[in-house]
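A short worksheet on the structure shown next.
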Amino acid sequence: QVQLVESGGGLVQAGGSLRLSCAASRNILSIETMAWYRQAPGNQRELVASKPFTGTTKYSDSVKGRFTISRDNAKNTVDLQMDGLNSEDTAVYYCNAYGLHSRDDYYTGPYWGQGTQVTVSS
């Protein structure tokens, strides 16, 4: 079974910061790409940032310079540091992963976390 669990969401004032975390289930040994998406009310789900095991990190233009994605490949966790939050960042944030390896299986994915709510008050 593959599980991704997010934490760190909450309510913050404009200009504030939050740090989101996501951890894969313990049976997963490695993950090729981990990413964060978000979905605001009435909008489609959109990519916020992605980070492959090796290679180029990608950010949405709307968060460049404010958000930072990082991962610990040994622990199979991914974080999203969000600074300078504004009302446009209000959304449910989802952890995403594909290319997951367990001891006996390979999971193409994508796999999704349950989502964590981020609300920015103005």
Side-chain angles (χ1 to χ4, degrees):
Q1 190 75 252
V2 174
Q3 287 186 291
L4 301 174
V5 180
E6 305 107 329
S7 62
L11 174 65
V12 299
Q13 292 183 307
S17 298
L18 282 175
R19 188 176 184 89
L20 307 182
S21 297
C22 173
S25 47
R26 295 290 299 275
N27 63 305
I28 301 300
L29 301 179
S30 64
I31 301 172
E32 294 172 8
T33 299
M34 303 191 78
W36 287 95
Y37 286 71
R38 67 186 181 187
Q39 187 167 16
N43 292 346
Q44 295 183 325
R45 189 171 298 184
E46 64 176 352
L47 176 68
V48 177
S50 66
K51 191 172 184 65
F53 189 92
T54 59
T56 303
T57 301
K58 298 179 180 179
Y59 293 96
S60 167
D61 288 340
S62 64
V63 307
K64 285 182 179 178
R66 299 189 297 120
F67 291 9
T68 303
I69 187 171
S70 61
R71 59 184 289 177
D72 185 330
N73 293 329
K75 298 179 179 179
N76 290 319
T77 60
V78 61
D79 289 0
L80 185 69
Q81 178 66 43
M82 304 184 294
D83 299 318
L85 288 163
N86 58 61
S87 61
E88 301 300 315
D89 298 315
T90 295
V92 177
Y93 284 70
Y94 296 91
C95 181
N96 166 269
Y98 65 85
L100 300 87
H101 301 259
S102 68
R103 183 175 62 87
D104 298 320
D105 295 295
Y106 173 73
Y107 304 92
T108 301
Y111 290 91
W112 300 91
Q114 80 284 356
T116 185
Q117 177 71 49
V118 172
T119 302
V120 184
S121 62
S122 60

#### Entry: side chain to side chain contact (heavy atoms under 4.5 Å, CB included) involving Glu88 - partner list, sequence neighbours excluded
Asn86
#### Entry: Path from Ile69 to Leu85 over hydrophobic side-chain contacts below 4.5 Å
yes
### Query
For Lys51 and Thr57, does a side-chain donor sit closer than 3.5 Å to a side-chain acceptor?
yes
### Message
Applying ring-ring contact (aromatic ring centres under 6.0 Å, His included) as the test, list every pair that has at least one member in residues 54-106; sequence neighbours left out.
### Response
His101-Tyr106
### Task
Using the rule that two of Ile, Leu, Val, Met, Phe, Trp, Tyr join whenever any of their side-chain heavy atoms come within less than 4.5 Å, decide whether Tyr111 and Ile28 are in one cluster.
yes
### Message
Using the rule given for side chain to side chain contact (heavy atoms under 4.5 Å, CB included), can you reason through Glu6 versus Gln114, listing the C-alpha separation, both sets of side-chain angles and the distance that settles it, and then say yes or no?
### Response
CA-CA 7 Å; Glu6 305 107 329; Gln114 80 284 356; 2.7 Å; yes
#### Entry: Shortest non-hydrogen contact between Leu4 and Cys22, atoms and distance
CB-SG, 4.0 Å
#### Entry: Nearest heavy-atom neighbours spanning Ser70 and Arg19
OG-NH2, 3.6 Å
### Query
Could you walk me through whether Val78 and Ile31 pass the side chain to side chain contact (heavy atoms under 4.5 Å, CB included) check?
CA-CA 10 Å; Val78 61; Ile31 301 172; over 6 Å; no
## Note on the structure
OG of Ser102 to CG of Asn27, rounded to nearest 0.5 Å, is 6.0 Å
### Query
Going hydrophobic residue to hydrophobic residue with side-chain gaps under 4.5 angstrom, can you get from Val12 over to Leu20?
yes
### Task
Check whether any side-chain N or O of Gln13 sits under 3.5 Å from a backbone N or O of Ser121 as a donor-acceptor pair, and report yes or no.
no
#### Entry: Set of side chain to side chain contact (heavy atoms under 4.5 Å, CB included) partners for Leu29, sequence neighbours left out
Arg103
#### Entry: Interatomic distance, Thr68 atom OG1 to Asp83 atom CG [nearest 0.5 angstrom]
6.5 Å
### Query
Distance-only, no hydrogens or angles: does the Asp89 side chain make a donor-acceptor pair with backbone N or O of Val120 under 3.5 Å?
no
### Query
Can any side-chain N or O of Thr77 pair as donor or acceptor with the backbone N or O of Ala23 at less than 3.5 Å?
no
### Message
Between Leu80 and Arg38, is there a side-chain heavy-atom distance shorter than 4.5 Å?
### Response
no
### Task
To the nearest 0.5 Å, tell me how far Gln117 CD sits from Thr90 OG1.
7.5 Å
## Note on the structure
CG (Asn73) and CE (Met34) are apart, to the nearest 0.5 Å, by 9.0 Å
### Task
Please report the closest heavy-atom contact between Ser87 and Ser122, naming both atoms and the distance.
CB-CB, 4.5 Å
### Task
Output the distance between atom CG (Asp79) and atom CZ (Arg71), rounded to the nearest 0.5 Å.
11.5 Å
### Query
Should Trp36 and Cys95 be marked as a side chain to side chain contact (heavy atoms under 4.5 Å, CB included) after you check the CA-CA gap, both sets of side-chain angles, and the distance that decides it?
CA-CA 5 Å; Trp36 287 95; Cys95 181; 4.1 Å; yes
### Gap separating the CD atom of Gln39 from the CD atom of Glu46, nearest 0.5 angstrom
9.5 Å
### Task
Look only at the side chain of Ser25 and the backbone of Gln3, and say whether a donor-acceptor pair between them is shorter than 3.5 Å.
yes
